[in-house]
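Numbers here are sequence positions counted from 1. These figures come from a predicted structure and were not determined experimentally.
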Amino acid sequence: MQKVLFISSWCRWSAIAVAPRCLDAGRKTRLTDLHRPRKKYRSMLCLGVVYCALLSGCQHVGKSGADAGIRPNVNWPSTVVAEREFPAAEVVIDERRKPSRLWLISSHEKGVAQALEFFSGERVDGVQVESIDSNFPAERLDYNFAYSFIDSSGHRYASIPGIPYTVGTDQPSIYGGWKDRKGRGHEVVLGDYLFERKIVTGPNGISKHIDEPSDVRPLFGGQSICETTAYVARTQARLQEAEPEFEPMTKIVADYSRERGCWVTLPTLAVDLFDNTILIAIGDRVIRLSSKDLSPIGSMGSVRIIDVKE
């Protein structure tokens, strides 16, 4: 029986603030309309990989091992904050302020939620939540709730719609990217997962493939993950203008859930900050990673990032 480790590569569209692109059996299809559902493509591309089994340099817990290469962006505060502990469900981005503010919004209970501004760490309790009604455009199907609150400076947010920036589980999509000064770069893909493809021979002598979730417990010191299979983040070359000598990489990003007693590997939301960094919610943490190498841009706590070598 032969065992090979694979990364799934179903392609999908998801409601995010970048134009998602799908993988379709070696070619790419670009969907240019934002926040608008389209037909899902179901071609499959499997990439053979092997574990980087707890070797030195495989795990990142704390500072980044490489230059993040953050592009100057007048919209965001100049900071290298890399992690916040907050159960983010949606995001409100205020581009009217200089610098812009990025509010993480929790799930609501009886019409009340909490908010946390990622860059400053400011928290607001008692956020009022209302369901989106027909006053919003019908095509904005990703709008579910609107939020009202006042921040510490006295600025009032009134019925501001939140965006989930949801990471899908059925098919991976492009949620961010990295560019150099010449505009060359690569893309960040989320939603892939690891599985083992076993080749078995039946009693009749005919071989067949059986796909099973990969056992990644050795990568977590014998501890289990919360999902049935480990989800991964990876980088891929752009169809045009890829940077020279680009080498794709695949990583498991995980946060330990004390309540469940296992490691969460499935991101729930992702926001491309368009400055060569990406914001990812995993478990009860929201982290900011370099889009170049998926490393944290600053100090992190319990979140674990594990290389999966090709």
Side-chain angles (χ1 to χ4, degrees), residues 7-24 28-32 34 45 47 49 60 64-71 73 76 82-83 88 91 102 118 163-180 183-194 230-243 245-255 265-282 285-298 300 303-310:
I7 302 175
S8 80
S9 291
W10 300 100
C11 57
R12 74 182 295 275
W13 178 94
S14 63
I16 55 177
V18 295
R21 277 158 272 178
C22 291
L23 303 178
D24 188 10
K28 299 177 184 175
T29 301
R30 182 168 186 169
L31 308 181
T32 55
L34 306 185
L45 173 65
L47 305 175
V49 298
H60 301 276
S64 170
D67 180 12
I70 299 176
R71 299 173 64 188
N73 189 320
W76 303 122
E83 179 183 11
V91 174
L102 190 151
F118 180 81
I163 302 178
Y165 292 96
T166 306
V167 175
T169 59
D170 56 345
Q171 301 166 1
S173 283
I174 297 163
Y175 290 85
W178 181 88
K179 290 183 180 180
D180 63 16
R184 302 169 300 184
H186 58 257
E187 300 158 332
V188 176
V189 176
L190 302 176
D192 273 356
Y193 58 90
L194 299 178
Y231 287 86
V232 297
R234 62 181 176 85
T235 60
Q236 70 175 20
R238 297 168 57 188
L239 185 60
Q240 298 176 345
E241 298 180 320
E243 74 258 39
E245 302 178 356
F246 168 72
E247 293 185 5
M249 59 183 59
T250 301
K251 299 188 179 185
I252 299 174
V253 181
D255 179 43
T265 67
L266 174 63
T268 53
L269 62 82
V271 184
D272 186 358
L273 299 183
F274 295 102
D275 63 350
N276 283 343
T277 70
I278 183 172
L279 212 64
I280 296 176
I282 184 83
R285 310 277 173 169
V286 179
I287 60 175
R288 187 181 178 193
L289 302 179
S290 165
S291 299
K292 182 173 180 59
D293 59 3
L294 303 178
S295 63
I297 67 162
M300 285 202 318
V303 173
R304 184 172 296 181
I305 301 176
I306 304 175
D307 292 337
V308 179
K309 295 294 186 181
E310 295 189 35

(message) For A82 versus G298, what's the shortest heavy-atom pair and its separation?
(response) CB-N, 3.5 Å

(message) A side-chain contact here means heavy atoms from C-beta on lying under 4.5 Å apart; do D275 and R288 qualify?
(response) yes

(request) Taking the side chain as every heavy atom from C-beta outward, state whether L279 and V91 have any atom pair closer than 4.5 Å. (result) no

(request) Would you mind reporting whether I174 and Q236 have side-chain heavy atoms less than 4.5 Å apart? (result) yes

(message) Is there a side-chain contact between P296 and I287 in this structure, where contact means two heavy atoms from C-beta onward sitting under 4.5 Å apart?
(response) no

(message) On a heavy-atom basis, which atom in T265 and which in A254 lie closest, and how many Å separate them?
(response) CG2-CB, 4.1 Å

(request) Any chance you could measure K292, atom NZ, to K179, atom NZ, to the nearest 0.5 Å? (result) 14.5 Å

(request) Check whether any side-chain N or O of S290 sits under 3.5 Å from a backbone N or O of S295 as a donor-acceptor pair, and report yes or no. (result) no

(request) Enter the distance from I280:CD1 to D255:CG here, rounded to the nearest 0.5 Å. (result) 12.5 Å

(request) Hey, could you give me the CD1/CG distance between I252 and D192, rounded to the nearest 0.5 Å? (result) 12.0 Å

(request) Indicate yes or no for a side-chain donor-acceptor contact from T235 to the backbone of M249 under 3.5 Å, with no hydrogens or angles considered. (result) yes

(message) How close do P267 and V167 get, counting heavy atoms only, and between which atoms?
(response) O-CB, 3.5 Å

(request) Taking the side chain as every heavy atom from C-beta outward, state whether Y175 and V188 have any atom pair closer than 4.5 Å. (result) no

(request) With rounding to the nearest 0.5 Å, note down the distance linking NE2 in H186 to CG in D293. (result) 8.0 Å

(message) Any heavy-atom pair between the side chains of L289 and I305 that's under 4.5 Å?
(response) yes

(message) With rounding to the nearest 0.5 angstrom, report the CZ to CD1 distance, R304 to I282.
(response) 13.0 Å

(request) Quick one: pull up OH in Y165 and CG in D272 and give me the separation to the nearest 0.5 Å. (result) 9.5 Å

(request) Would you please name every residue forming a side-chain contact (heavy atoms from CB on, under 4.5 Å) with A281, sequence neighbours left out? (result) T268, L269, V286

